[in-house]
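Convention: sequence-line order gives letters A, B, ...; per-chain numbering from 1.
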Protein chains: 4
Amino acid sequence: MAIKKTSKEEILNKAINLFKTQGFNHTSMANIADECGLIKGSIYHHFKNKDEIGLEALKYISEYFDKNIFSIKDETLLTKEKLKKIVKKTDEYFLNSNGGCLLANLATEVSNQNEAYKTVIIDYFKTWEDCLAKILEEKYPKNEAQDLAYEYICSLQGSIIMFNLTNNKKRLLKIGKNLLTKV
Amino acid sequence: MAIKKTSKEEILNKAINLFKTQGFNHTSMANIADECGLIKGSIYHHFKNKDEIGLEALKYISEYFDKNIFSIKDETLLTKEKLKKIVKKTDEYFLNSNGGCLLANLATEVSNQNEAYKTVIIDYFKTWEDCLAKILEEKYPKNEAQDLAYEYICSLQGSIIMFNLTNNKKRLLKIGKNLLTKV
Amino acid sequence: MAIKKTSKEEILNKAINLFKTQGFNHTSMANIADECGLIKGSIYHHFKNKDEIGLEALKYISEYFDKNIFSIKDETLLTKEKLKKIVKKTDEYFLNSNGGCLLANLATEVSNQNEAYKTVIIDYFKTWEDCLAKILEEKYPKNEAQDLAYEYICSLQGSIIMFNLTNNKKRLLKIGKNLLTKV
Amino acid sequence: MAIKKTSKEEILNKAINLFKTQGFNHTSMANIADECGLIKGSIYHHFKNKDEIGLEALKYISEYFDKNIFSIKDETLLTKEKLKKIVKKTDEYFLNSNGGCLLANLATEVSNQNEAYKTVIIDYFKTWEDCLAKILEEKYPKNEAQDLAYEYICSLQGSIIMFNLTNNKKRLLKIGKNLLTKV
DNA sequence: GATGAATGAGCGTTCATTCAT
DNA sequence: TATGAATGAACGCTCATTCAT
């Protein structure tokens with residue numbers, strides 16, 4: 001025994017998948033452990049408790065967006081090209097994200113009971129909005145840019161819920177296309 | 001003993017509130033019973049099991065929308081007036097609905113594991129979309145009307161998630177206003 | 001199922017026995033349940049948690065002493081007779097109390113971590129001391145009476161520890177005899 | 001790696017403190033390791049298992065008493081002086097012993113389940129009693145000397161329990177003073 | 001219809017212990 | 001020797017559910 005069988009990141013990835021498809025409260029430590037080929041007690045070698053897994057899961061995804069998507073706003077591209085790139089990467093992410101957006105899911109399922117979660121989630125959506133607004137400001141006044149950004153994120157989040165129910169890809173992609181018509 | 005202390009509807013209402021604010025899986029039969037002044041065993045005189053409460057909760061809300069909001073489409077009013085009335089009632093409902101939209105919440109939390117839930121939820125959103133589309137068709141071609149309806153519902157659902165996080169009423173109301181500019 | 005199989009008092013008595021012979025921390029809810037012919041979850045119908053069982057166990061014994069032993073101080077008997085009666089009942093109790101004095105045991109095992117326990121335990125020993133002191137005051141000045149009472153209780157408690165190790169009844173009884181030579 | 005960070009004796013001392021203040025069963029291997037700046041697995045390089053730590057802890061204290069206190073009986077001093085010296089050292093030990101007498105504590109908490117522990121504990125108290133009896137025999141007949149020794153130890157042990165509850169030093173010291181009045 | 005007592009499975013967590021590195 | 005990762009059993013506790021009263 002005592003051979004290294006897993007890593008913090010692997011556990012996190014398996015947990016994220018389970019949280020998205022089964023919900024946070026319906027995912028047990030045993031479920032996560034199973035998925036990693038461990039027994040549930042072993043998870044505690046890597047995480048203090050279940051809440052910590054949830055919090056680190058939220059931060060993990062949040063950081064993924066920061067690094068891979070939101071950072072595009074600072075690239076030297078034409079307005080339209082920047083937005084196109086962001087929309088493309090965002091669409092790709094959610095089309096392949098079985099179970100939707102973890103941040104939004106946990107916003108509805110647990111953020112009422114967990115202030116630390118709530119803070120990360122609010123921060124994620126604010127950063128997203130600011131990222132898009134900054135690009136849109138190249139063509140729109142500040143307020144309008146912010147509103148457009150907000151409305152896009154809302155429609156996308158609503159659309160992800162619908163995509164989960166109906167699996168209609170076209171409709172999901174339409175939200176991004178709509179945004180691109182604005183620049 | 002054997003005094004009637006409660007009704008099915010009362011239990012349902014208390015359960016709906018708990019499901020919305022705490023999530024379905026995090027709400028126990030004991031929580032629901034407590035809220036009704038009963039002990040948990042007594043709930044089973046009214047509902048077969050917890051899943052039935054969830055299902056009837058979804059249907060209860062769905063029927064509320066059918067009767068009180070979606071039916072407006074058949075009233076004899078000008079296009080704009082009809083839409084105005086629907087938006088007003090919808091906004092009122094969600095502004096006062098602590099914890100957001102139960103249908104959308106359960107769509108993310110449990111619909112993956114419960115086909116009966118999923119069916120009701122899909123039907124609810126379809127009916128909603130058709131209701132709006134029917135009105136918008138008075139001014140738009142069929143496809144466009146359907147798209148506008150879908151996009152409004154998506155933005156509203158996304159906006160409800162944000163409202164739950166930030167409590168910003170103005171932004172929630174903006175979604176409806178946006179729709180009304182379209183007619 | 002659902003037939004009444006036990007009572008709060010029965011659970012308490014079984015728990016007391018286990019706490020005394022195995023220690024509080026080494027007695028599991030499953031141990032207590034086993035002893036009562038229940039499964040561990042069922043215990044929670046009668047007690048909120050394990051700490052409550054411990055606290056009620058302490059109070060239960062404390063009240064037994066109040067009612068059956070300490071109350072003797074108010075009976076209309078000669079000083080010597082009162083003391084004799086108390087010593088006799090006390091000796092009987094501890095000779096048949098497998099595992100010693102729960103109050104003293106929990107004083108060493110858990111009172112450091114549980115203020116509520118500590119309070120009950122301190123109160124028990126104070127009441128005991130005051131009871132004996134009141135009787136001894138009939139023959140001794142106040143201070144001396146209090147000291148004699150205290151020393152008796154200490155020797156008895158020490159003696160109970162030894163009795164648990166060696167099972168020497170005579171030595172346990174000697175402590176009471178000693179006290180009686182004082183009046 | 002493989003640097004010597006600790007010694008058996010250091011672990012033992014930390015463990016003794018924890019056993020006395022938290023109880024044996026409530027002290028985990030991780031608690032002990034923490035206190036030593038190790039991780040729990042490392043403890044097993046020094047001790048076979050937790051029971052061995054407990055047993056060696058008991059022996060360690062027992063030997064301390066043998067060497068530093070019980071040995072006084074063989075010094076060339078007047079009876080009263082010998083007793084005085086023993087009482088002084090004993091009082092000092094227990095006044096500074098956070099959590100009381102480990103031997104007595106484990107006598108109540110675990111000796112019922114562990115014969116090896118029980119043997120060491122019984123032996124400790126027997127040696128103590130014999131030590132005092134031998135000195136008292138210089139002034140008293142054998143039986144009486146043994147009884148006085150036994151009663152002193154019992155009162156002291158009971159008094160240590162009370163000291164832990166009330167922190168009243170004076171009362172603890174009174175037990176020793178009492179003994180000294182006897183010679 | 002309501003209650004109180006029970007059940008068995010499962011929860012998140014901690015435990016003592018093992019062992020390759 | 002020390003470490004980090006693992007194990008399996010047990011912990012206290014909660015769950016949805018059942019049913020005689």
request  = Provide, to the nearest angstrom, the distance between the OH atom belonging to D:Y44 and the P atom belonging to E:dA16.
outcome  = 6 Å
task = Could you check D:K40 against B:T27 and say which one's nearest nucleotide on DNA chain F is further toward the 5' end?
result = D:K40
query = Paired with F:dT21 by Watson-Crick or G-U wobble geometry, both distances under 3.5 Å: which nucleotide is it?
reply = E:dA2
query = For F:dT1, does either OP1 or OP2 sit under 4.0 Å from a side-chain N or O belonging to D:S42?
reply = no
request  = Report yes if at least one side-chain N or O of B:S28 is closer than 4.0 Å to OP1 or OP2 of F:dT14; otherwise report no.
outcome  = no
ask   = Could you state the CD1-P distance from D:I32 to E:dT14, rounded to the nearest angstrom?
value = 17 Å
task = For D:H45 and for B:N49, locate the closest nucleotide of DNA chain F by heavy-atom distance; then report the residue assigned to the nucleotide nearer the 5' terminus.
result = D:H45
request  = With a 3.5 angstrom cut-off on both distances, give the Watson-Crick or G-U wobble partner of F:dC11, or none if there isn't one.
outcome  = E:dG12
ask   = Any luck finding a side-chain donor-acceptor pair between C:N25 and C:E109 under 3.5 Å?
value = yes
query = What is the distance from CG of D:L18 to P of E:dA16, rounded to the nearest Å?
reply = 12 Å
request  = Round to the nearest Å and state the distance from C:I53 atom CD1 to F:dC13 atom P.
outcome  = 8 Å
request  = State, yes or no, whether a side-chain contact exists between B:I53 and B:M29 at a heavy-atom distance under 4.5 Å.
outcome  = yes
request  = Start with the C-alpha distance between C:F47 and C:I11, add both sets of side-chain angles, then the distance that settles side chain to side chain contact (heavy atoms under 4.5 Å, CB included), and finish with yes or no.
outcome  = CA-CA 9 Å; C:F47 296 91; C:I11 296 172; 3.6 Å; yes
request  = For residues D:F24 and D:L18, determine if any side-chain heavy atom of one lies less than 4.5 Å from a side-chain heavy atom of the other.
outcome  = no
task = Could you tell me whether a side-chain N or O of B:K59 sits under 3.5 Å from a main-chain N or O of B:G54, the two making a donor and an acceptor?
result = no
key: Distance below 4.0 Å between A:H46 side-chain N/O and F:dA6 OP1 or OP2   = yes
request  = Select from A:F24 and C:I11 the residue whose nearest nucleotide in DNA chain E is closer to the 5' end of that strand.
outcome  = C:I11
Integer-rounded Å distance: F:dA2 P and D:I43 CD1 = 9 Å
ask   = Of A:M29 and D:K50, whose nearest nucleotide on DNA chain E comes first from the 5' end?
value = A:M29
request  = Give the rounded distance in Å between these two atoms: CG of D:N25 and P of E:dT14.
outcome  = 17 Å
task = Please tell me which of the listed nucleotides, E:dC11, E:dT7, E:dG4, lies nearest to the side chain of A:A30?
result = E:dC11
query = Between E:dT18 atom P and A:I39 atom CD1, what is the distance in whole Å?
reply = 15 Å
key: Whole-Å distance separating the CG atom of A:L38 from the C1' atom of F:dG8   = 13 Å
